[in-house]
Structure formats: structure tokens, C-alpha cells
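All remarks here apply to the structure that follows.
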2 protein chains.
Amino acid sequence: MRLKDLAEHLGLSQTTVSRALNGYPEVNEATRLRVAETAARLGYRPNASALRLATGRSGAVGLVLRGADELGPHMSEFLAGMGGQVGAQEIDILVVTVNSLEDELAAYRRIAASQKVDAVVLHSPTLRDQRAELLLDLKVPFVLHGRTNIGEPVAWMDIDNTGAVERATGHLLDLGHRRIALLNGLKGRTFAEHRELGYLAALSARGVAFDPALMGNSIFTDEIAFRQAQAMLELRPRPTAFLAGSMMTALGVFRAIRQAGLELGKDVSMIAHDDVFPYLNADNMYPTMSTTRSSIRQAGMRIAELILQILGGKPVQDVHELWPVELVLRQSSGPLQQ
Amino acid sequence: MRLKDLAEHLGLSQTTVSRALNGYPEVNEATRLRVAETAARLGYRPNASALRLATGRSGAVGLVLRGADELGPHMSEFLAGMGGQVGAQEIDILVVTVNSLEDELAAYRRIAASQKVDAVVLHSPTLRDQRAELLLDLKVPFVLHGRTNIGEPVAWMDIDNTGAVERATGHLLDLGHRRIALLNGLKGRTFAEHRELGYLAALSARGVAFDPALMGNSIFTDEIAFRQAQAMLELRPRPTAFLAGSMMTALGVFRAIRQAGLELGKDVSMIAHDDVFPYLNADNMYPTMSTTRSSIRQAGMRIAELILQILGGKPVQDVHELWPVELVLRQSSGPLQQ
């Protein structure tokens, strides 16, 4: 059954029916109820075109990226997940690239003014994210990939970064490791702060002192991780285990371990966070890589669904999802060598 | 100097000045000359906003991807290059995901009708590309990443795939290899046909017969390459060298070689095509990987520039660029073992 048929059956315009179904305030309560009941009785399901008819919106979701480098392997997997979901609804993704936070804020103002997008995905939020505050002011609907605390309810989906790192650190401590390095994301980003909390909680639970020399904060690239791990491996006593923030980070750490003449899984252990890149399979590595695993492509798919839900009228305070993270033990993590 | 100042100085509207500078036919020749001379004398340089004022266009470049999987590592590097260039001009990228060629053609019709984009990047063209024909009909400006032959001039930028594979194959033949496998892209895609031509030309120049069992055609993933290489390594006589279509392909071939108990660079040689992914550095592999190298990010940057040029009025028949490809020899390719 099409919107047209339902509207004819009710003797109302398609726009009114669509607005009624999507909870728009212009439609009075009696009409809304009559439309809802008739739709339910006749088995009508609204589609994206009907939603657009109701809203007069643009049919695009925005994604603002700071620096072209943000369009790296993490973002492309996330986009692939999003793209599959929104593409099926004929909704496009508007990618905007900027060079600074200032430019990013200006870009949100620009796309809000031009009504180029119906909603925005906000990624890698900080603890108190200015961009989220601006989007609330601009009344641009958005879903956070991650979390922020700005004192107002926002829609978000996140993975349990604290729990993941706490379990991984705890496991390495169980194996006897005491010098455990954490290669973490940028300070101030919520996910990195959450990971740090998990790391500190696990150390503190076993009475192991925190050594700031064993923590790195940076974006996740092979090259940066290589240099960080290289410097840490020159410390005495050196770290005997690494927590790598992503598979890209893990590649760099692995290189530093090899260069130091050490063997991964014997002399040094590693657990990496695996976003499940199809071309960097932890099972295919040599040695196979122990990981905390959560598919960033699945996250992209889910965030696209959540955006469609909030565009359909779901209150943002009802859109909060925290995904657990698996710990998958393989050859790269083993007992401390005495 | 701003467009506004130039227009005031000339006593003309900003729109007229902008159209004159961008070669629009509505402006008569005398005015065009006066504007051009004054602009040159006063040192005025038009910016992207002035271009938009002239054209009334949307400020977005479109990219239609078939299947979310096309948003893989190759496309994200390409997008990162494009994004950096167009972002500086406040031009966005509209990413549209579809599931079939039919849907892709429909998507071009939809974005042309809605004027959501000013131009389109057409990627992975086929030998006679229907999408290019449609875009010509729809009068949507586009630049091809690759080449097609549809009997009308189109703007394109490509790398010399034929020359790259011919040189790599020739080098392996020089090293004594005769059973050389080619893991190529999908049949019908121009770049894959060009690579096949280079391969066949090199074999034929040394009088080596072509064995169809040594050629694979597929998308470039670790997993597919693993299975193709595994099957080829069971042939007798087995291949002694591989040409891998991408670094992702190379990872799969490497895995198959290891699984067969063979050693890369000794028992089996490999030369891979390297699109220069920052996280898969051929120098950091173990053994280091011989490659034909051309940065797909640079290609994305250049295509963005070419799009801005054709939007600025440059004739498409003047936008043809063929980039040479480097051959970089490292440890993964060596003499045939007797």
C-alpha cells in the first residue's frame, strides 16, 4: 500500500497523512489518531520518500571531516556501513572537509543555512563537544558516534571503550605483565579518556602504579605508533606488553618490536583494538593478533538507522546505545617471560 | 581585492563580472574584454564563491558508489585527496551508494534533476561506459578517473596501467620467470584490460605463451586473492611469480605462499601495484615488497583540480592526463630458483 492510497482512503492530502504519521505538530491530535489507526488497519508502512514529502528535507546526511586525513581506514569502513543503510532509502551522504575546528563550526553553520542536509553524524566527540552545542543551537538533528557531556540530551551510539581496555589490561596483568604500555587516541576525545579510565582501573585494582612514560596519545597510524613504541622499548625496564589503539597502531608496534630484535607473543605481548577492517584480519597475521573487537562498519550501519529514527520523530533521549566489546585471545599475548 | 570591489570599479553587477570572467556566453565580447583587462590590471583573482555566484550551482561534486564495499581503502584514499582540494574551496562531496548499474544510472538522473551536484567523478570506467554516455546526455560535467571510449571527447585522468604491467612483467621475465600469474581487476574495466594488454605484450615480446590458468579477474581483496593464489600454487608446474593488482591482493597472495610452505622473494616472487596506502607501506613489509607505484590520493587531488577547471570553462577535450608509474624493486622479487 502506498502513501497515495492511504491518503485517498482517508480523504486527506498525502502531506497531511505523512506529517501525521511522522508526529509533526501541525497535525491535530484527532487527525493523527485517525491516520495512525487507519494505517495500522490497512498495513501501511511509510517509506523514505513519504518521510521526505512530509519534511521537505534534502535527502542527505552530513559528515564533516577535519583534515583529509580523517578520511582514513576507520572512516571509510564507517562510511561503507552508513552508505549501505541510507543508500537503500535514496539518502546521500554529504562529505565536507575542513582544516580546523573553527572551519568545522563554520561548515555546520553553512550547511544548516543552506539546508543541504537533514541530519549530521558527529564523530570522535570530545568530553564537552562544542560542535554538539552548536548543532543543538542550529537545530540540526544529529547522532553522535561516541559520547559527550554538554548537559542536554543528545542521541548517541558508542562502544564500551572503558570495559574493553579494562578487560584487556586485566588479562595482561593476569599473565604477569606489570609494564604495560597504552597507545591511546588524542587527549580530550571521549573514547580515549574512556580507554584511559579502563586502563587505570585495571592497574589500580592490582595495585600497579601508573607510569606516564608508558602512555602515548596520538591519532592511529602505523608510523606514529612505530616511533612511540620504539622510544618505549628503549626504557629500562622496558614494557613487556602493549595495548594498541587500532590495527594500524598494532602494525607500527609490531615493526618496533621486530626492529628491537624481540619476538611478538614471546618477549613482548600485544592486544590491539580491532575495528574489523576486511583487509587486516587479526587471524591472518603472523603471529595472530589478540584483540578487543568491535566492527566500525556495523557501527556505521547502526548510526544510519538511528538517524532515520530521529528524523522519523524518535526523541533523542531515547537514542542511547552502548555496545559491548569482545576480547579475542590469539598468539600475540602470552605469559610474562622471566 | 574582492569581486564586489572589482564590480564597483567597473560599474557592473557582481554577477555580470563573474560571468564575464568565467566565459559565460550571456556576456558580450566588449564587456568581457573590459572586465578581463581591468581584473588583470587590478590583480583580481576569482575565488570559488565568485564562481558559484556566476553559475548558481550547488557547491558539491558527486560520487556514486556501487555497493557499500566500493567505499574501501582505494576509494577512501582517493576521497581524502579530493576532499583536501575541494574543501579548500568550500565545495562538498556528495556520496551516493547504490546496488546495481541500473540503480547507478537512476541515481545520476536523480542528482541531475535535483541539481544537487555541479559535477561528477566517474571511477573504474568500462571500455564503453554507459554511465559516461548518460552523463553526456544529462549534460552533467564529469571527469573520469580512468578512460573509456564512447566516441565523444570526455575529460579524464589515468595512470599508465599498460606500461606499468608491461615493465613489471618484463622484469620478472628478465629474472628467468616463465610461469607468471596476473591477479587482475574485473574484466571489462578499462584499467584491467590495459593491464592485461601490458602483460600480454611483455610475454609475447619474449615468446612466452599465455596460460589463462595464470590469470585471475576480481575485485581487490585479501580473501579473494588468497583463494586465487592458493589454487594457482596447486598447478603443476606452479607459478614462480605473481603480479598482484593491489596491496590488498598482495596480502592474500603472501598468505597463500606462506601456507604452501614457500618463501616470498626466494621460492616465489611478487610485484604488487601500490596505491600508496599510508598504513600499508611496502618498505615496512617483511620481506619488503617490490611494487609499481602511483598514489591514488594524488590522483584524487588532481581530479578535484581538473573538475574545478572544467567548471571554470576549460574544454573537456583539453583535460587528458596520463601519469607514468614507477617500478620500485625490493626484496619480494628475485631470480628464478632452479
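Source: prediction; values computed, not measured. Chain identifiers are assigned alphabetically (A, B, ...) following the order of the sequence lines, protein sequences preceding nucleic acid strands; residue numbering begins at 1 within each chain.
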Starting at [atom1] of [X], measure out to [atom2] of [Y] and round the result to the nearest 0.5 Å.
X	Y	atom1	atom2	result
A:Y279	B:T249	OH	OG1	13.5 Å
B:E90	A:I111	CD	CD1	11.5 Å
B:D92	A:L63	CG	CG	11.0 Å
A:L251	B:L280	CG	CG	7.0 Å

Identify which of B:A88, B:S114, B:G87 forms the greatest number of heavy-atom pairs closer than 4.5 Å to chain A.
B:G87
Looking only at heavy atoms, what is the nearest atom pair of B:L94 and A:A60, with distance?
CD1-CB, 4.3 Å
Would you sort out whether B:N284 and A:D222 count as a side chain to side chain contact (heavy atoms under 4.5 Å, CB included), showing the intermediate values?
CA-CA 10 Å; B:N284 295 341; A:D222 173 331; 4.2 Å; yes
Examine distances only and state if a side-chain atom of A:K116 and a backbone atom of B:S58 form a donor-acceptor pair shorter than 3.5 Å.
yes
Report, in residue-number order, which members of residues 70-83 of chain A are under 4.5 Å from chain B by heavy-atom distance.
A:L71, A:G72, A:P73, A:S76, A:L79, A:A80, A:G83
Taking only heavy atoms into account, what residues of residues 252-274 of chain B are found under 4.5 Å from chain A?
B:R255, B:R258
Counterpart residues, side-chain contact (heavy atoms from CB on, under 4.5 Å), relative to A:I219 (two or more places apart)
A:L186, A:T221, A:I224
Which residues pass the side-chain contact (heavy atoms from CB on, under 4.5 Å) test with B:R109, not counting sequence neighbours?
B:L105, B:L134, B:L138
Could you look at B:V98 and say if it's the side chain, the backbone, both or neither that has a heavy atom under 4.5 Å from chain A?
neither
